[in-house]
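Below, chain A is the first sequence line, B the second, and so on; all start at residue 1.
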There are 2 protein chains.
Amino acid sequence: MINVAIVEDDREIRQTLALIIDGTPGFSCKNTFEDCESAIETLPEIVPDVVLMDINLPGMTGIEGIRILKERLSHIDFIMLTIQEDDESIFDSLLAGATGYLTKDTPPADLLNAIREVYKGGSPMSTQIARKVVTSFKSDKKSPLTERETEILQRLCNGENYKVIADAIFVSGHTVRAHIKNIYEKLHVHSRAEAVKKAFKDKLI
Amino acid sequence: MINVAIVEDDREIRQTLALIIDGTPGFSCKNTFEDCESAIETLPEIVPDVVLMDINLPGMTGIEGIRILKERLSHIDFIMLTIQEDDESIFDSLLAGATGYLTKDTPPADLLNAIREVYKGGSPMSTQIARKVVTSFKSDKKSPLTERETEILQRLCNGENYKVIADAIFVSGHTVRAHIKNIYEKLHVHSRAEAVKKAFKDKLI
DNA sequence: GAATCTATTACGCGTATGGGGTATTTTTTA
DNA sequence: TAAAAAATACCCCATACGCGTAATAGATTC
């Protein structure tokens, strides 16, 4: 029996969802909330398995709500159930701790399935949304650095100093220095820290 | 009509897949390859819409193959079709440019669906695999740093020097140094570069 | 209420770092 | 084959950096 809770301000939607879920064998839905504030108050007592969470809510947003709830009740899985499909809503939700992300036009059968999937350790979402997630951690631009420079940048990221790098790649400290100057120029930075930041931001290493 | 190509070393599997796909209305599969090398040679001429790619291949791996093919034929979508389900294979595939990721036990109907999804701009994958992807860009451990320290770490990442930071947060340069020392101790690092690296790796900022 | 820990403030020392150059050899590309 | 890019090596110099040490105010714990 999967215990489900709902946080959704629209009374109609909230009750319909609860009815569908509670009326399906293997599911139970006895707790619904119209805002995050009341959910945060009550959830620690009932501790459901899965929570369906809207984003647009009066007061605290669903994203902020998940962030707070996840801190204390980290074992509860949250599924975003929202009309928003913009990149920011999706990424912020997942970063806040949402496990699944569905849009409100998801058919009941699919919704129930998604709840099952989350319960079994999956992250249900449309393939369109998955694409956004996949794209987000792929480096798009190709590195302007040479192989040698990339090797040195990697070592810069590890905090190795000129001499250590020089010894490691069997060249003089002067050469390392020259390479690093070129790296900085290509990346448009003026310090190690900025170079490291750019290395990670642009996924150069 | 979605034009599909297959790269798969097992003759049995390759031919079965080709038959299924080519025999389905709306799909065409006239080109199959038993390794990446021959695929790289021929694909630029036929330019399919979608390529099903195995990982374990004689010679070049499917991951390496995608990396090379994506450079020239960036508009082709690749679906990984493999037995591997380890995190590394998944992430390396997606980083190399794969759009979808399926295991070989995927039923034919689901496979055809996945091809359609990719063609429509989605990223088909099991919810279990999606979970791994989602988890990968979520910060798991909570920051050991104070608010002040986090603020300073952020500025360190931007390459701001002591004086600039000091002026920005209205304290002396000495104080900034002390904070940074504490940051380094907490993060177990000994330089800006390492701190910046850890900040991004652990998603502290 | 005392003890402890943490965050914040502060100073001096030696050195690695980054900015400014210049130059030769090898490899890649046009 | 000429030109461009990459890799190698060297110099000077101001300073930003990391390390050691220490005091004070606030929060937390016992």
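- In this view, Glu185(A) satisfies the side chain to side chain donor-acceptor pair (under 3.5 Å) rule with no residue, not counting sequence neighbours.
- Applying the side-chain hydrogen bond (donor to acceptor under 3.5 Å, both in side chains) test to residues at least two apart or on different chains, none of the pairs has a partner in residues 10-19 of chain A.
- Contacts of residues 174-198 of chain A with DNA chain C (heavy atom under 4.0 Å): Arg177(A), Lys181(A), Tyr184(A), His190(A), Ser191(A), Arg192(A).
- Of all nucleotides in DNA chain D having an atom under 4.0 Å from a heavy atom of chain A, the first and last in 5' to 3' order are dA6(D) to dC11(D).
- Qualifying side chain to side chain contact (heavy atoms under 4.5 Å, CB included) partners for Ala96(B), counting only residues two or more places apart in sequence or in other chains: Ile63(B), Ile66(B), Arg67(B).
- If one axis is set at each end of the helix from dG1(C)-dC30(D) to dA30(C)-dT1(D) from five pairs, those axes are 70° apart, to 10°.
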Under 3.5 Å, sequence neighbours excluded: what are the donor-acceptor pairs made by side chains of residues 122-129 of chain A?
residue: Ser123(A); atom: OG; partner: Thr99(A); partner atom: O; Å: 2.7
residue: Ser126(A); atom: OG; partner: Gln128(A); partner atom: N; Å: 3.4
residue: Ser126(A); atom: OG; partner: Ile129(A); partner atom: N; Å: 3.1
residue: Thr127(A); atom: OG1; partner: Glu117(B); partner atom: OE1; Å: 2.7

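- Within residues 148-171 of chain A, the residues having any heavy atom closer than 4.0 Å to DNA chain C are, in order of number, Asn161(A), Tyr162(A).
- Residue pairs satisfying the side-chain hydrogen bond (donor to acceptor under 3.5 Å, both in side chains) criterion with at least one member in residues 187-196 of chain A, sequence neighbours excluded, are listed as follows: Ser191(A)-Glu194(A).
- Using a cutoff of 4.0 Å between basic side-chain nitrogens and carboxylate oxygens, Arg131(A) and Asp77(B) are scored as salt-bridged.
- Although no hydrogens or angles enter the test, the distance criterion places a donor-acceptor pair under 3.5 Å between the side chain of Asn161(A) and the main chain of Lys163(A).
- Among residues two or more places apart in sequence or in another chain, the side chain to side chain contact (heavy atoms under 4.5 Å, CB included) test is passed with Ala18(B) by Ile6(B), Cys29(B), Thr32(B).
- Scanning for side chain to side chain contact (heavy atoms under 4.5 Å, CB included) contacts around Glu88(B) gives Asp86(B), Asp92(B), with sequence neighbours left out.
- A distance-only check finds a donor-acceptor pair linking the side chain of Lys70(A) to the backbone of Ile76(A) [under 3.5 Å].
- With Glu37(A) contributing its side chain and Met60(A) its backbone, the two residues share a donor-acceptor pair below 3.5 Å.
- Applying the side chain to side chain contact (heavy atoms under 4.5 Å, CB included) rule to Lys201(B) yields the partners Phe200(A), Lys197(B); only residues at least two apart in sequence or on another chain are considered.
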